[in-house]
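First comes the structure, then the notes that go with it.
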Number of protein chains: 2
Amino acid sequence: MAEELPHRHATLDEVAALAGVSRSVASRVINNAPHVSRAKRESVEKAIRKLGYVPDPKARALATRQAGAAALVISRDDPEVLADPFFGQLVAGVAGALEEADLHMMLCVAATPRGRERVERLVRSRAVDGVMLAASHEDDPLARIAKEGPLPVVFGGRPVDFEPRWYVDIDNVGGARDATEHLLARGRTRVVTIGGPLDTEVARARQRGYREAMTLAGLTPRPPEIGDFSEAAGAAAMARLLEAHPDLDGVFAANDNMAAGALRALRGAGRSVPEDVAVVGFDDLAVAQLTEPALTTVHQPIRDLGREMARMLVGIVAGRAVGPLILPTHLVERSST
Amino acid sequence: MAEELPHRHATLDEVAALAGVSRSVASRVINNAPHVSRAKRESVEKAIRKLGYVPDPKARALATRQAGAAALVISRDDPEVLADPFFGQLVAGVAGALEEADLHMMLCVAATPRGRERVERLVRSRAVDGVMLAASHEDDPLARIAKEGPLPVVFGGRPVDFEPRWYVDIDNVGGARDATEHLLARGRTRVVTIGGPLDTEVARARQRGYREAMTLAGLTPRPPEIGDFSEAAGAAAMARLLEAHPDLDGVFAANDNMAAGALRALRGAGRSVPEDVAVVGFDDLAVAQLTEPALTTVHQPIRDLGREMARMLVGIVAGRAVGPLILPTHLVERSST
DNA sequence: AACGGATCTGGAAGCCCTTCCATTGTGGCC
DNA sequence: GGCCACAATGGAAGGGCTTCCAGATCCGTT
């Protein structure tokens, strides 16, 4: 049977008193430190159990100068950002890895100026041992905390305007190359692309991958139509592409949402997928399985991304030398190609 | 131009020294407390700016016995739970409301025994001022912290086995009634339902709503086919229903995923939606807009749920008297009815 | 039996704040 | 001009923990 949850919080002093030792010894027992005789160790452990003692992390943090927590900062202007399943998976990965290291997770949504200000205060107040920064966009004021602050900051995905010391990224170039090559391998030769906003590194990298694959195959990459990663933008971009290149037979969309929009636009234009036009997306979110036909797409290990970000941060805090990490993607073939 | 982020963290003592006042006065300035002359107040404020001082929340928490943070605990065996967009929105709502109150959010995923143990430690260690408990299932060991612990706990959704002192819930009964009545208003009379696992209060409540509506209309509620809220389970349940009630003309599914499965099963069985069979779901997640045809469903204000949970917790911590809250739903008509 | 060494032990200082309280200073009022 | 009330001030005592250090204990050696 579990202990009662005592209403009053026991302190280390009480434990020490009950065990008949000094506070120092009790502290050592708790921290598994040496220089404690077997007898006293057991006596302290007994007292701990009896009192249901749990050390106060605030006091401990104060004394050790270690917060015992890490912040995951979602930096994006849109407060809805968390509804994106991407972040759910990211958070799940981070949570798992932080649990391994027994760190707590402070989740910060820096969507408003007020939110950003709070994050900055959090960081500067040393309430956390490190920061994971996700969805950081161009000119993100929070990127400052990585450049100037003393705290380790791990980026999820590379920012567009500088190369941080620590980051974990998805191999966007490689994934986009694979996607494009897959279309080419299917015999498509007039392959176009729908790109994301070029102020994001993700969009740029996927663009680059498309161009590389085309060039390598001796084909001329066509200029992308740009969308904002939404389904509607994908449909609109597809419509423009159909206009510009009526003979197209393959489309690489920079994400699944836009690919879904493209499928809709193609259907509207009377082109059948994959017979007339093959389509590949990127992300492998749930939507990819719900489109008609189901979407061939590049799977990115989002959970792993979160996990590795957290592990990297833990490594840095522990003083281990770690460097950037790029995670591989793989193509998931469904019915759209 | 913003201040430099100083590498060494200034302390209140340093601020006081620079301002030429005692620590007490400096502290009062920071906390906007009275009994500080205008001159000293300004002098302290200047020193704060100059040093880039940010109070250490750990020390403050220790002195005030207020953690300045609240925990959002997602209690579910499945570590994938966060990938569910439901939780993304919930978290977003919580984050927004906690920001208003200037509390930090500790996000805890209690998926493993280890995770649960950590949550319990967190709570007992007084590292947070209160807890929001979401997705708590039957016999959730964490529910103990609400019953025995001294900390305020706000439930998101009612647990099945007891009535907590504080909770915020969605009006599941009302929503399900509306959904069913909508089907009846559309002239359907042989309306069946796909229910969720009966060890969840959500599933029970939606079941109840269906029965109420049927009974009120003078019809006999039919026993539900049960699924585990997944798309596949929805399809399977739909198949069983078609077998048992070949003449059915309306389906209320207890969530959108199962409704999507039902649509698939109906299509497979050659029934057209909404002509032969009308279908209503529950949740209004993204999937509802992606199905073919788009799903009529009961919208639940998940973000509001999170927001109200956080506000309730803030209220309790502030000593305000607050009670349970039930949030209204509304029907979103699309093409499946 | 005396000694060097390693192993325990507890006192005390410190981490950075808040807050109580006694003290000083100020203005108003009779 | 003296007295009272009240605002302003800083000293000091916490809050709960870690950790340094000096002193006490114990062991095996010679």
Side-chain angles (χ1 to χ4, degrees), chain A residues 6 8-45 47-48 51-69 102 104 121-122 124-129 150, chain B residues 6 8-45 47-48 51-69 104 121-122 124-129:
Chain A
R8 226 194 79 51
H9 207 216
T11 74
L12 189 54
D13 279 307
E14 293 167 335
V15 170
L18 181 60
V21 303
S22 76
R23 190 176 40 234
S24 323
V25 171
S27 175
R28 272 182 227 120
V29 171
I30 288 178
N31 297 298
N32 262 317
H35 304 307
V36 179
S37 67
R38 195 177 173 70
K40 302 225 164 185
R41 163 157 275 132
E42 277 166 8
S43 145
V44 169
E45 276 162 357
I48 290 176
L51 294 175
Y53 171 72
V54 180
D56 184 329
K58 303 187 292 295
R60 179 180 285 193
L62 197 57
T64 59
R65 294 121 168 289
Q66 297 230 344
D102 204 30
H104 290 302
R121 238 176 41 225
L122 179 78
R124 299 180 55 174
S125 73
R126 285 284 211 287
V128 293
D129 293 321
Chain B
R8 223 193 81 51
H9 206 219
T11 74
L12 189 56
D13 278 308
E14 292 167 336
V15 170
L18 181 59
V21 302
S22 77
R23 196 187 22 237
S24 321
V25 172
S27 173
R28 274 185 226 117
V29 171
I30 287 178
N31 296 299
N32 263 317
H35 305 307
V36 179
S37 67
R38 196 177 171 71
K40 302 226 164 181
R41 163 158 275 132
E42 277 165 8
S43 147
V44 169
E45 277 163 356
I48 289 176
L51 294 174
Y53 172 73
V54 179
D56 184 328
K58 303 187 293 292
R60 179 179 287 194
L62 198 56
T64 61
R65 291 120 171 288
Q66 297 230 346
H104 291 301
R121 237 175 41 223
L122 179 78
R124 300 181 55 174
S125 73
R126 285 286 212 286
V128 293
D129 293 321

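Within every chain, numbering begins at 1; the chains are lettered A, B, ... in the order of the sequence lines, protein sequences first and strands thereafter.
The separation between A:Y53 atom OH and D:dT18 atom C1' is 11 Å, rounded to whole Å. We find that CZ of B:R28 is positioned 16 Å from P of C:dC17, with the value rounded to whole Å. The separation between A:Q66 atom CD and D:dC17 atom C1' is 14 Å, rounded to whole Å. One interatomic measurement links the two molecules: CD1 of B:I30 to C1' of C:dT18, which rounds to 11 Å at whole-angstrom precision. Atom CZ of B:R124 and atom C1' of D:dG16 are 17 Å apart (whole Å). Summarising the geometry, the separation between CG on B:D56 and C1' on C:dG14 is reported as 14 Å, rounded to the nearest angstrom. As a whole-Å value, the separation of A:R38 CZ from D:dC27 P is 16 Å. Atom NZ in B:K58 sits roughly 13 Å away from atom P in C:dT18 (whole-Å rounding).
Nearest nucleotide to the side chain of B:R23, out of D:dG16, D:dA12, D:dT18: D:dA12. Out of C:dT18, D:dT18, C:dT9, the shortest distance to the side chain of A:V36 is found at C:dT9.
Across all strands, B:P34 comes closer than 4.0 Å to no nucleic acid atom at all (heavy-atom distances). At the heavy-atom level, A:K40 lies under 4.0 Å from the strands shown only through sugar-phosphate atoms. Among the atoms of the strands shown, none is found under 4.0 Å from any heavy atom of A:P57. Note on B:R65: only backbone sugar-phosphate atoms sit closer than 4.0 angstrom, heavy atoms only; bases stay farther off. Using a 4.0 Å heavy-atom criterion, one finds that B:S27 contacts the bases of the nucleic acid, with or without backbone contacts as well.
In terms of modelled atom types and a separation under 3.5 Å, the side chain of A:R60 and the main chain of A:G68 share no donor-acceptor contact. Checking side-chain atoms of B:D129 against main-chain N and O of B:A67 turns up a donor-acceptor pair under 3.5 Å.
The two residues B:Y53 and B:T11 come nearest to each other via the heavy atoms CE1-C, 3.6 Å. Contact record, B:K58 with A:R126: NZ-O, 2.8 Å, taken as the closest heavy-atom pair.
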Under 3.5 Å, side-chain donor or acceptor atoms of residues 24-32 of chain B against the rest of the protein: list the pairs with distances, not counting sequence neighbours.
residue	atom	partner	partner atom	Å
B:S27	OG	B:N31	ND2	3.4
B:N31	ND2	B:S27	O	2.9

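Going from atom NE2 of A:H104 over to atom CG of B:L122 covers 4.5 Å, rounded to the nearest 0.5 Å. Taking NZ from B:K40 and NE2 from B:H35, the interatomic distance works out to 15.0 Å, rounded to the nearest 0.5 Å.
Each of B:A63 and B:H35 was matched to the nucleotide of DNA chain D holding its nearest heavy atom; the match closer to the 5' end belongs to B:H35. Of the residues near DNA chain D, B:S22 and B:L62, the one whose nearest nucleotide (by heavy atom distance) lies more toward the 5' end is B:S22.
The phosphate of C:dT19 (OP1 or OP2) has no side-chain N or O of B:S24 nearer than 4.0 angstrom.
Under the side-chain contact (heavy atoms from CB on, under 4.5 Å) criterion, B:R121 pairs with A:V54, A:D102, B:E117, not counting sequence neighbours.
For B:R126 against D:dG15, no side-chain N or O and base N or O form a donor-acceptor pair under 3.5 Å.
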Under the 3.5 Å Watson-Crick or G-U criterion, the dot-bracket string of DNA chain D, with | for inter-strand pairs: ||||||||||||||||||||||||||||||
